[in-house]
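Have a look at the structure below, then the notes.
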Amino acid sequence: MGLEHPTVKKLMQHFQMQHVHVSETFPGLGLQMPVTDAAFVYGTATHVLDFEPMFDPPTHAVSPVLGALFALASQDTDWHADRSDVFLRSFAVGIALQAE
């Protein structure tokens, strides 16, 4: 899993030193950090094993979109299975925006 990769571990160590007064904790990370930094870590973990598909234009579209959505969804305490359609639609829109 990408969260266990040495590169991601180093990145989490960096953020752990940076954010000592933040109260948001993220699943899988076990760290307190702002949502923007969590999105960066999740995005890195998604891409670090390099199994990500290329897109047109040639970019890695999945990791930035999915990382941000993971971070946002993990902070929503009212997230329920019935809201998975919002997550999937947001993912599709994020990918489409990168194609523009």
Side-chain angles (χ1 to χ4, degrees):
M1 180 174 185
L3 288 174
E4 299 298 322
H5 193 274
T7 301
V8 176
K9 294 288 188 189
K10 290 279 186 192
L11 186 59
M12 289 192 298
Q13 288 173 356
H14 167 75
F15 283 126
Q16 189 172 23
M17 291 185 297
Q18 301 297 316
H19 306 294
V20 292
H21 300 295
V22 179
S23 61
E24 301 165 316
T25 303
F26 291 87
L29 302 182
L31 296 177
Q32 295 179 334
M33 62 179 63
V35 69
T36 52
D37 292 343
F40 185 79
V41 174
Y42 284 133
T44 301
T46 303
H47 181 72
V48 74
L49 299 176
D50 206 21
F51 293 123
E52 186 173 6
M54 291 296 285
F55 197 62
D56 186 22
T59 63
H60 293 283
V62 174
S63 57
V65 174
L66 197 56
L69 286 174
F70 279 154
L72 291 171
S74 68
Q75 290 304 290
D76 185 354
T77 57
D78 294 326
W79 191 263
H80 301 288
D82 62 334
R83 293 190 49 201
S84 62
D85 65 321
V86 174
F87 187 92
L88 292 174
R89 287 175 195 229
S90 299
F91 181 71
V93 169
I95 299 294
L97 284 172
Q98 290 193 52
E100 291 295 320

Handout entry: Closest non-hydrogen atom pair, Val41 against Met12
Key =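 Scanning both residues, the minimum pair turns out to be CG1-CG, 3.8 Å.
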Problem - Minimum-distance pair of heavy atoms, taken over all atoms of Val8 and Leu3 - result: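 Closest approach of Val8 to Leu3: CG1-O, 3.9 Å.
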Problem - With Gln13 via side chain to side chain contact (heavy atoms under 4.5 Å, CB included) - residues at least two apart - result: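 Testing Gln13 for side chain to side chain contact (heavy atoms under 4.5 Å, CB included), a comparison that skips the adjacent residues, returns Lys10.
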Practice task
Would you please name every residue forming a side chain to side chain contact (heavy atoms under 4.5 Å, CB included) with Ala68, sequence neighbours left out?
Solution key: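 For Ala68 the side chain to side chain contact (heavy atoms under 4.5 Å, CB included) partners, ignoring immediate neighbours, are Ala39.
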Problem - Set of residues satisfying side-chain hydrogen bond (donor to acceptor under 3.5 Å, both in side chains) with respect to Ser90, sequence neighbours excluded - result: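 side-chain hydrogen bond (donor to acceptor under 3.5 Å, both in side chains) list for Ser90, sorted by chain: empty.
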Practice task
Mind checking side-chain hydrogen bond (donor to acceptor under 3.5 Å, both in side chains) for Ser63 and listing every partner two or more places apart, or none if nothing turns up?
Solution key: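 Expected list: Glu52.
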Exercise for the section: Please indicate whether Phe40 has more than 12 foreign heavy atoms, meaning atoms of other residues, nucleotides or ligands, lying under 6.0 Å from its CZ. Expected result: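 Open.
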Handout entry: Close side-chain approach of Leu11 to Thr7, heavy-atom, < 4.5 Å
Key =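 Result no, sub-4.5 Å side-chain heavy-atom pair not found.
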Exercise for the section: Would you mind reporting whether Leu66 and Phe87 have side-chain heavy atoms less than 4.5 Å apart? Expected result: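 In contact.
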Practice task
Would you give the length of the straight line joining atom NE2 of His5 to atom NE2 of His47, rounded to the nearest 0.5 angstrom?
Solution key: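 Rounded to the nearest 0.5 Å, the NE2-NE2 separation comes out at 10.5 Å.
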Practice task
Would you give the length of the straight line joining atom OG1 of Thr46 to atom OH of Tyr42, rounded to the nearest 0.5 angstrom?
Solution key: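 Interatomic distance, Thr46 OG1 to Tyr42 OH, rounded to 0.5 Å: 10.0 Å.
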